[in-house]
Amino acid sequence: MRTLMCGEVRDDHVGSTVSLCGWVARRREHGEHLAFLDLRDHTGVVQCVVDGAHDLRSEWVVRVTGTVRPRPDGTVNPQLETGTVELGECTVEVLATAEPPPFPLDERAGDVDEVVRLRHRYVDLRRPEMQRNLRTRAAAIAAIRRSMDDQGFLEVETPLLIASTPEGARDFVVPSRHRPGSFYALPQSPQLFKQLCMVGGVDRYYQVARCLRDEDLRADRQFEFTQLDAEMSFAGQEDVLEAITAAVDAVVRTVRNEGIGEVPRTTWREAVDRYGSDKPDIRFGMELVELTDLFSETGFQAFRAGSIKGIRHAGGSESTSRSRLDDLTETCKRWGAKGLVWMRVEAGDDGGTTLVSPVAKFMSAAELAGVADRLGAEVGDVLYLVADDWIRTTHVLGLLRLELGRPPTHEGGLRFLWVVDFPLFEDVDGATGRPVPAHHPFTMPHEEDLDLLDGDAEALLRVRSQAYDLVLNGWELGSGSVRIHRGDLQQRIFDLLGISAEEASARFGFLLDAFRYGAPPHAGFAFGVDRLVALLLGEENIREVIAFPKTQSGTDPLTGAPSELDAPQLADLGLRQVPPPG
RNA sequence: GGUCCCGUGGUGCAGUUUGGAGUGCACGCCGGCCUGUCAAGCCGGAGGUCGCGGGUUCAAAUCCCGUCGGGACCGCCA
C-alpha cells in the first residue's frame with residue numbers, strides 16, 4: 001500500500017515514484033490548480049504538491065502517489081526533516097474522510113483541557129509529542145528486557161486474579177462467579193509470587209508487571225501502573241542495587257544517550273535529616289539546618305521542642321511579600337506544623353546582618369546570632385524555622401523546601417539517589433505497644449540490629465532494615481529489600497507485630513509453607529516504569545506516558561469507565577446493590 | 001477525609017475585582033479569491049444553556065449558596 005514512510009523521504013529518493021499513506025496535517029491552497037498538502041504519519045511530515053485540494057480536509061486519511069523531486073530554489077523548509085524535497089504530480093486516494101479534529105493537533109495542543117484530549121485520545125495520540133512518548137516508553141521497556149535478560153534474569157508472568165491480602169494499599173477486587181460471595185484481588189505487586197519463584201529455583205526473576213492499587217491518584221500515581229519487578233536468589237542488597245542500576249542505566253542510555261554514572265547513596269535518617277524527605281530532590285540545595293541545640297535554654301515558649309530546624313531561601317526576601325509569608329505559614333499549619341517562624345535578613349546598623357521577624361523579640365541576641373550563623377544568612381534572604389518533634393519538623397520543612405526551591409521537571413538534569421537503611425518499623429502503637437512495619441513483614445532487619453528487637457519501643461524504632469529506595473529528582477522510582485527466608489526470624493517478627501500463627505497462616509500461609517521446602521536467601525526490587533519514562537521525557541505527569549490513563553478521580557472520559565452493571569450481571573455474580581451511605 | 005485553583009462558540013483566552021444587551025481577541029470551521037506556500041495570505045459567513053441548580057437584584061458570565069466535572073497538593077499509597 002505504501003513504499004515509504006512520510007518522514008523518510010530524502011534527496012536520495014529524487015526521481016522515484018512512491019506511495020505514501022497518512023493523515024492530512026495541513027493544506028495550503030493557492031487557487032484552482034495548486035495546493036500543498038502536508039502528509040503526516042508517525043515518522044514525520046512531507047509536503048505533497050497537488051492540483052487543487054478542494055475535496056480534501058484536515059485529518060482525512062489518504063494515500064498519495066507521486067514523484068519525489070527537489071524543491072525549487074528558495075522554497076526549502078529547514079524546519080522539516082523532509083524539507084529539501086516534495087512529492088510532485090500527485091494522485092490522491094481518499095482512504096477515509098474525517099470530521100474536523102476536536103482540538104488543534106499542532107504544538108498548541110499542550111494547552112488543551114486534558115479531559116478533551118482524553119475523550120479523544122485516539123486523536124491526541126497522533127500528535128508528535130505523544131508518538132514520541134509512546135515510542136520512548138516502548139524503547140525503555142525493550143532496554144529493560146535486554147538488560148535483565150543479559151544479566152541472567154528470567155521473565156515470568158504471574159497471575160492477575162489473586163487472593164486479597166489486607167495489608168498495604170486498598171485492593172481492587174473482582175467478584176467470583178463460580179463462588180458467589182468470594183472475590184479475587186488484582187495484584188498491588190507480584191511480591192508473593194516472585195518470592196515463590198525463588199523457592200521454585202528460578203534464581204533470577206523479573207517481570208514488566210502491571211500493578212493495581214485503589215488509592216487516590218496524583219500526578220505520579222495511577223490506579224494501574226507498570227513496574228520492573230525483580231528478585232534474586234543467593235543475593236543481598238549490593239547485588240540488587242547493582243542489577244537495578246544496570247537496568248536503569250540501560251534505559252537512560254537508550255533514551256538520553258548518556259549513562260547515569262555512580263548513583264550516590266544516603267541513609268534514610270540522613271535523607272530525612274537533611275532534606276525532610278525519604279525521597280529527596282537533590283537537584284537543589286536549601287538543606288535543612290540543625291538548630292535544636294541553639295535553643296536548649298530558650299525563653300521562647302514555642303521553641304521548647306524536640307527538634308528545631310531551619311532552611312534558607314537565598315535572596316528570597318524581595319520576591320516574598322508579607323501576604324505570601326502568611327500564606328506559607330497557613331500552608332505549614334495544614335501540613336501539621338504548629339507554626340512557621342520566618343525571618344527576613346536585613347542589613348544591621350553595625351554593618352552586619354539583623355533578623356527581622358515578628359518573633360525576634362522573644363529570642364536572645366545569642367540565639368538570633370546562632371541562627372544567622374548556622375544558616376549562613378545574607379542580606380536579602382528569608383529564613384524559615386520550624387520547631388516540633390523530629391518527624392514533624394523535618395516533614396514540614398521538607399515540603400516547604402520543595403515549595404520554595406524545586407526546579408521545573410525538565411531542569412537540573414537527572415539526579416539519582418539510593419536511600420538505604422530504612423527503619424524496620426515506622427511507629428509503635430501507643431495502646432498495644434506493637435510496632436507498625438514500614439515495609440512488608442518479610443523485610444530483613446540489619447544483622448547488627450537484631451538485638452534491638454528485644455528492646456523497648458525506642459529500641460524497636462532504631463532497628464534498621466535491609467530495605468532501599470531508588471529516588472530520581474524527588475520521585476520515588478522504586479523500592480526493594482532483602483527478604484527474611486528463615487522461619488525462626490520470621491516467627492519472631494510476626495510475634496512482635498502481633499500476628500498470630502493462625503493469622504499468618506490465613507494471610508500468607510502458602511508463602512510460609514513454601515519456605516519450609518527450602519528457600520534460598522533472596523532479595524528484590526521494583527521500580528516504576530511510568531515514572532522513569534516521564535522524568536526522562538521531562539513530563540510532569542505520568543498520564544503523558546500512558547496511552548489511556550485515568551483522570552484524578554479515576555474515570556476514563558473515553559470509555560466511560562467505571563460503569564454500572566446491569567441486573568443480570570449482578571445476579572450472575574451474586575451481588576446486590578445497596579444505597580450509597582449517607 | 002481535607003486545602004487550593006480552574007470551568008465563557010470546536011480549541012485557547014480576555015471580560016468576573018466595581019452587576020447594566022453574549023461584547024472582544026487568536027486559532028479552527030464553512031464559502032469566495034489566490035500558481036510556491038509551509039501555523040500561507042486576503043475577503044465574507046456561521047457557530048453560545050457563560051458547566052448545572054437555586055438565591056439576591058429592576059437587572060447576574062459577574063455577587064451568595066449548593067452541585068457536577070477537571071487539575072495540584074495534604075492525608076492515603078506495607
Side-chain angles (χ1 to χ4, degrees), chain A residues 25-39 45-54 57-59 71-80 82-83 86 88 99-120 123 165-171 188-189 191-192 211-223 225 279 327 330-337 395-396 398-399 402-403 422-427 435-443 465 467 476 479 481 497 507-508 528 540-541 543 550-555 557:
Chain A
R26 210 171 288 279
R27 135 191 98 99
R28 295 175 291 279
E29 290 193 70
H30 288 260
E32 191 71 23
H33 293 295
L34 177 66
F36 300 98
L37 214 63
D38 286 344
L39 190 64
V45 166
V46 66
Q47 172 167 287
C48 306
V49 184
V50 298
D51 182 12
H54 322 285
R57 290 291 184 273
S58 285
E59 299 308 316
R71 292 197 185 192
D73 286 344
T75 64
V76 165
N77 184 353
Q79 321 274 170
L80 286 182
T82 60
E86 65 187 13
E99 292 178 21
F103 52 90
L105 291 198
D106 57 23
E107 55 281 1
R108 286 168 294 195
D111 297 330
V112 174
D113 185 346
E114 206 179 331
V115 179
V116 177
R117 289 176 53 205
L118 291 181
R119 187 172 297 132
H120 303 276
V123 173
T165 54
E167 49 281 312
R170 219 171 278 118
D171 279 327
Q188 297 171 25
S189 77
Q191 181 63 38
L192 298 175
C211 304
L212 299 107
R213 297 178 189 173
D214 187 4
E215 296 292 346
D216 289 356
L217 278 43
R218 286 282 200 292
D220 61 349
R221 284 173 12 198
Q222 284 272 302
F223 283 154
F225 56 99
K279 45 178 182 178
D327 286 348
E330 281 311 303
T331 302
C332 285
K333 286 180 179 171
R334 280 201 299 275
W335 288 335
H395 172 69
V396 171
L399 291 171
L402 292 176
E403 169 76 22
F422 272 71
L424 189 64
F425 306 114
E426 71 179 18
D427 201 3
V436 180
H439 204 47
H440 58 62
F442 315 111
T443 306
S465 65
E476 182 193 319
S479 61
S481 63
L497 296 174
R507 285 205 215 163
F508 11 74
E540 336 215 313
N541 191 315
R543 293 187 295 271
K550 306 265 186 300
T551 65
Q552 196 169 73
S553 58
T555 64

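Predicted model only: the values in this text are computed from it and were never measured. Lettering of chains follows the sequences in order, A, B, ..., and the numbering in each one begins at 1.
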- Item | Earlier contact from the 5' end, RNA chain B, for Gln188(A) and Asn77(A) | Asn77(A)

- Between Asp38(A) and Pro104(A), which has a closest nucleotide on RNA chain B that is more 5'? Pro104(A)

For the pair [X] (side chain) and [Y] (backbone), establish whether a donor and an acceptor sit closer than 3.5 Å, ignoring hydrogens and angles.
X	Y	result
Ser58(A)	Pro100(A)	no
Arg71(A)	Gly83(A)	yes
Gln188(A)	Ala169(A)	yes
Gln222(A)	Leu217(A)	no

Pair assignment for [N], Watson-Crick or G-U wobble, requiring both distances under 3.5 Å:
N	value
U35(B)	none
A40(B)	none
C58(B)	G20(B)
C27(B)	G10(B)
A46(B)	none
A72(B)	U3(B)

- Report, as a single string ordered 5' to 3', how protein heavy atoms within less than 4.0 Å touch nucleotides 28-34 of chain B: B base, S sugar-phosphate only, - not at all. -SSS--B

I need the [atom1]-[atom2] distance between [X] and [N], as an integer number of Å.
X	N	atom1	atom2	value
Leu399(A)	C73(B)	CG	C1'	9 Å
Asp216(A)	A72(B)	CG	C1'	13 Å
Glu476(A)	C77(B)	CD	C1'	9 Å
Leu105(A)	G10(B)	CG	P	17 Å
Gln47(A)	A39(B)	CD	C1'	14 Å
Arg119(A)	G51(B)	CZ	P	15 Å
Arg117(A)	G71(B)	CZ	C1'	13 Å
Asp106(A)	G12(B)	CG	P	13 Å

With a 4.0 Å cut-off on heavy atoms, is [X] in touch with a base, just the backbone sugar-phosphate, or nothing at all?
X	value
Pro72(A)	base
His120(A)	nothing
Arg334(A)	sugar-phosphate
Glu86(A)	base
Arg543(A)	sugar-phosphate
Thr555(A)	sugar-phosphate
Ala35(A)	nothing

For a quick test of reading the model: is some side-chain N or O of [X] closer than 4.0 Å to OP1 or OP2 of [N]?
X	N	answer
Ser553(A)	G70(B)	yes
His395(A)	G75(B)	yes
Thr551(A)	G70(B)	yes
Gln552(A)	A72(B)	yes

Do [X] and [Y] come within less than 4.5 Å of each other through their side chains, counting heavy atoms only?
X	Y	result
Glu330(A)	Asp327(A)	no
Ser189(A)	Arg213(A)	yes
Thr443(A)	Pro437(A)	no
Val45(A)	Arg26(A)	no
Pro435(A)	Asp427(A)	no

- Short N-O contact, Arg543(A) and Glu114(A), less than 4.0 angstrom: yes

- Message: I'd like to know if Asp38(A) and Arg28(A) make a salt bridge, using a cut-off of under 4.0 Å between side-chain N and carboxylate O.
- Response: yes

Roughly how far apart, to the nearest Å, are [N] and [M] at atom [atom1]?
N	M	atom1	answer
G9(B)	C50(B)	C1'	10 Å
A72(B)	G66(B)	C1'	24 Å
G36(B)	G48(B)	P	38 Å
C42(B)	G47(B)	P	24 Å
G71(B)	A26(B)	P	31 Å
C63(B)	G24(B)	C1'	23 Å
G19(B)	C13(B)	P	26 Å
G69(B)	G53(B)	P	16 Å

- Could you tell me whether the side-chain ring of Phe103(A) sits stacked on the base of U11(B), using a centroid cut-off under 5.5 Å and a plane angle under 30°? no

- Task: List in chain and number order the residues that pass ring pair (Phe, Tyr, Trp, His ring centres under 6.0 Å) with His395(A), two or more places apart in sequence or in another chain; answer none if no residue qualifies.
- Result: none

In terms of side-chain heavy atoms of [X], which of [options] is nearest?
X	options	value
Ala169(A)	G10(B), C77(B), C74(B)	C77(B)
Leu34(A)	G36(B), U11(B), C76(B)	G36(B)
Asp113(A)	G12(B), G1(B), A78(B)	G12(B)
Arg170(A)	C38(B), C76(B), G71(B)	C76(B)
Phe36(A)	U11(B), C73(B), U37(B)	U37(B)

Ignoring hydrogens and angles, answer whether the base of [N] and the side-chain atoms of [X] contain a donor-acceptor pair closer than 3.5 Å.
X	N	result
Arg28(A)	U35(B)	no
Arg213(A)	C76(B)	no
Asn541(A)	G71(B)	no

